[in-house]
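In what follows, chains carry the letters A, B, and so on, assigned in the order in which the sequence lines appear, proteins first and then strands, with residues in each chain numbered from 1.
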Number of protein chains: 2
Amino acid sequence: MKCEHNKACKDKCPCMEYCPLGSALKMIGGKWKIPILCALQKDGTTRYNELKQKVRGITNTMLASSLRELEEDGLISRTQYQEMPLRVEYCLTEQCDDLMPILNQLAFWGVKMHETKS
Amino acid sequence: MKCEHNKACKDKCPCMEYCPLGSALKMIGGKWKIPILCALQKDGTTRYNELKQKVRGITNTMLASSLRELEEDGLISRTQYQEMPLRVEYCLTEQCDDLMPILNQLAFWGVKMHETKS
DNA sequence: CCGAATCCTATAAGATACTG
DNA sequence: CAGTATCTTATAGGATTCGG
């Protein structure tokens, strides 16, 4: 992802070829990525249909495409077992384990913002 | 913003009435919020037309609406001087100052992810 | 100078049906 | 069981024009 920020950003982060902050936000952006990651963090390795139940309201279309993108970006890993019926399991990667505490800080900041307003 | 995550999330963050992580990501989401915040962080107090030049490619429509949302969310503050011609200046709030280091961690994580892939 | 209003386009998300 | 294919709808973003 090439940097679409500005000169200011280039001085602060290595935006010459790509923008790491923009890329990171894109990886976890959209409506369902965070809910999926939260579910996987809480329960560990989980199979497709379990995820569909735990992430309330998600459709097959969105779950499948979100999982594919998360895997392509290296946030989750997919394991398929050649059984009948088919079994496919997903879990967080180590890189994603590093991400979760940062998201936790962001959530904590969100709490502070909410308290400030009220 | 009500929580659209899942039961798992409710155990980890106070998602009963609102979801802080979802709210936080929404505040900085979209195409232009981060570039604007980066510009304001680097150069401090900046007026509207300066921002339009520094944030390359942004239109009046998007700059105005982004600034309005950022102000409503308490991330930036707007000061209008009754001069002619009109002068309006924007700068980060203290709450946003707390946010920037977290975004910096996210950017650093993005760098690590990129290095892992290559 | 600093935007708002309107209209148009592009992308994200959802519904439904179907398959290996 | 674990998805894909297709179609439709909703939302984000952009272009243009105008006003205080």
Could you check how far [atom1] of [X] sits from [atom2] of [N], rounded to whole Å?
X: A:Ile28; N: C:dA12; atom1: CD1; atom2: P; value: 16 Å
X: A:Ile36; N: D:dA2; atom1: CD1; atom2: P; value: 14 Å
X: A:Leu63; N: D:dG3; atom1: CG; atom2: P; value: 8 Å
X: A:Lys26; N: C:dT11; atom1: NZ; atom2: C1'; value: 10 Å
X: A:Met84; N: C:dT19; atom1: CE; atom2: C1'; value: 12 Å
X: A:Lys54; N: D:dA2; atom1: NZ; atom2: P; value: 12 Å
X: A:Ile58; N: C:dA13; atom1: CD1; atom2: P; value: 10 Å
X: B:Met62; N: C:dT6; atom1: CE; atom2: C1'; value: 16 Å

### Task
Return no unless some side-chain N or O of A:Lys31 is found under 4.0 Å from OP1 or OP2 of D:dT11.
no

### Message
Whether A:Trp32 contacts C:dG14 is assessed here as follows: a side-chain N or O lying under 4.0 Å from the phosphate OP1 or OP2. Is that the case?
### Response
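Checking A:Trp32 against C:dG14: at least one side-chain N or O falls below 4.0 Å of OP1 or OP2.
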
#### Entry: Within residues 90-100 of chain A or reaching into it, pairs that qualify as salt bridge (charged side-chain N to carboxylate O under 4.0 Å, His left out) - sequence neighbours excluded
A:Asp98-B:Lys112

What is the minimum heavy-atom distance between [X] and [Y], and which atoms define it?
X: A:Pro35; Y: A:Val55; result: CB-CG1, 4.0 Å
X: B:Ala24; Y: A:Leu106; result: CB-O, 3.8 Å
X: B:Lys117; Y: A:Glu72; result: NZ-O, 3.5 Å
X: A:Lys33; Y: A:Glu69; result: NZ-OE1, 3.1 Å
X: A:Tyr81; Y: A:Leu86; result: O-CD1, 3.7 Å

### Query
Any N or O donor-acceptor pair linking the side chain of B:Ser65 to the base of C:dA4 at under 3.5 Å?
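Answer no: no donor N or O sits under 3.5 Å from an acceptor.
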
### Message
Tell me if the side-chain of B:Thr61 makes a donor-acceptor pair with the base of D:dT16, cut-off 3.5 Å, by modelled atom types.
### Response
yes

### Distance, nearest 0.5 Å, that separates NZ of A:Lys54 from NZ of A:Lys42
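Separation between the atoms: 7.5 Å.
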
### Task
Report yes if some heavy atom in the side chain of A:Met100 is under 4.5 Å from a heavy atom in the side chain of A:Cys96; otherwise report no.
yes

### Query
Hey, what bend do you get for the helix from C:dC1-D:dG20 to C:dG20-D:dC1 if you fit axes on five pairs at each end, rounded to 10°?
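For the helix from C:dC1-D:dG20 to C:dG20-D:dC1, the axes at opposite ends meet at about 50°.
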
### Task
Among A:Leu92, A:Ile28, A:Ile76, find the residue that satisfies the side chain to side chain contact (heavy atoms under 4.5 Å, CB included) test when tested with A:Leu70.
A:Ile76

Using a cutoff of under 3.5 Å, can you pull out all pairs of nitrogen or oxygen atoms linking the protein to nucleotides 1-3 of chain C, with atom names and distances?
unit_1, atom_1, unit_2, atom_2, d
C:dC1, O3', B:Arg47, NH2, 3.3
C:dC1, O3', B:Leu86, O, 3.0
C:dC2, OP1, B:Arg47, NE, 3.1
C:dC2, OP1, B:Arg47, NH2, 3.3
C:dC2, OP1, B:Val88, N, 3.4
C:dC2, OP2, B:Asn49, N, 3.1
C:dC2, OP2, B:Asn49, ND2, 3.4
C:dG3, OP1, B:Arg78, NE, 3.3
C:dG3, OP1, B:Arg78, NH2, 2.8
C:dG3, OP1, B:Tyr90, OH, 3.4
C:dG3, OP2, B:Tyr90, OH, 2.6

